[in-house]
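Structure first, then comments.
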Amino acid sequence: MTTDITVSERAARRIGQILKTEGDGAMLRISVEGGGCSGFQYKFDVEHARAEDDLVIAREGAVVLVDPASVPFLAGSEVDFVDDLIGASFRVVNPNATASCGCGTSFSI
C-alpha cells in the first residue's frame, strides 16, 4: 500500500517519548471515525499489536499505524506536534478536510 501520510520530526520525537513509557513494542494508532462537531474525528491510541493490513510509518523511533479504512481520509496529511499558549497537542494537517473545528480533532470532507 502506498500513501503520502507523513510524520513531522517534532511529532516523531514526541511520539517516541510517549511510546517509551508504554513498554516494548508500543505503537501509536491514528484512525478516523465518524463523529465530532464536524462529521469526522481523529483518534489516537497506543497499541502493542498491529494488523497485517495496517499502514506502518516509522520515523526516529516512533511507529505510527493507520488502518486501511482511515488511509483515504488521511492521504496527503502530515501529523505534527505543536506546543503553544493553548497547550501541547498532535495536529493533523489534512488537505482533504474542507472544514475543521477549533479543537483540531474534528473535520469534514
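Computed from a predicted structure; not experimentally measured.
Evaluation of the salt bridge (charged side-chain N to carboxylate O under 4.0 Å, His left out) rule for R29 yields E47, D54 as partners, not counting sequence neighbours. The side-chain hydrogen bond (donor to acceptor under 3.5 Å, both in side chains) test applied to E78 returns no partner, not counting sequence neighbours. Annotation: salt bridge (charged side-chain N to carboxylate O under 4.0 Å, His left out) contacts of R50 (sequence neighbours excluded): none. Judged as a side-chain hydrogen bond (donor to acceptor under 3.5 Å, both in side chains), and not counting sequence neighbours, E22 has no contacts. D83 is linked by a salt bridge (charged side-chain N to carboxylate O under 4.0 Å, His left out) to nothing, counting only residues two or more places apart in sequence or in another chain.
Taking Ile, Leu, Val, Met, Phe, Trp and Tyr as hydrophobic and joining them when side-chain heavy atoms fall under 4.5 Å apart, one finds V63 in a cluster with M27, V56, L65.
No side-chain heavy atom of I57 sits under 4.5 Å from any side-chain heavy atom of T6.
A continuous path of ILVMFWY side-chain contacts below 4.5 Å connects F44 to F81, so both sit in one hydrophobic cluster. Hydrophobic clustering places V46 together with V32 (ILVMFWY residues linked when any side-chain heavy atoms are closer than 4.5 Å, directly or through intermediates). Hydrophobic clustering keeps V82 apart from I18 (ILVMFWY residues linked when any side-chain heavy atoms are closer than 4.5 Å, directly or through intermediates).
Interatomic distance, OG of S8 versus CZ of R13, reported as 8.0 Å (0.5 Å rounding). A distance of 5.0 Å separates CD1 of I15 from CG of L28, quoted to the nearest 0.5 Å.
Smallest separation of non-hydrogen atoms from A62 and A12: CB-O, 3.4 Å.
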Worked check of side-chain contact (heavy atoms from CB on, under 4.5 Å) between I30 and F90: CA-CA 11 Å; I30 302 173; F90 289 105; over 6 Å; no
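In this structure, the side chain of D4 engages the main chain of G76 through a donor-acceptor pair within 3.5 Å. A distance-only check finds a donor-acceptor pair linking the side chain of N96 to the backbone of A75 [under 3.5 Å].
Aromatic ring orientation, F73 versus F40: tilted (interplanar angle from 30° to 60°).
Residue pairs that meet the salt bridge (Lys or Arg N to Asp or Glu O under 4.0 Å) test with at least one member in residues 59-72, sequence neighbours left out, do not exist here.
Counting non-hydrogen atoms of other residues, nucleotides and ligands closer than 6.0 Å to CG of D24 gives a total of 12 or fewer.
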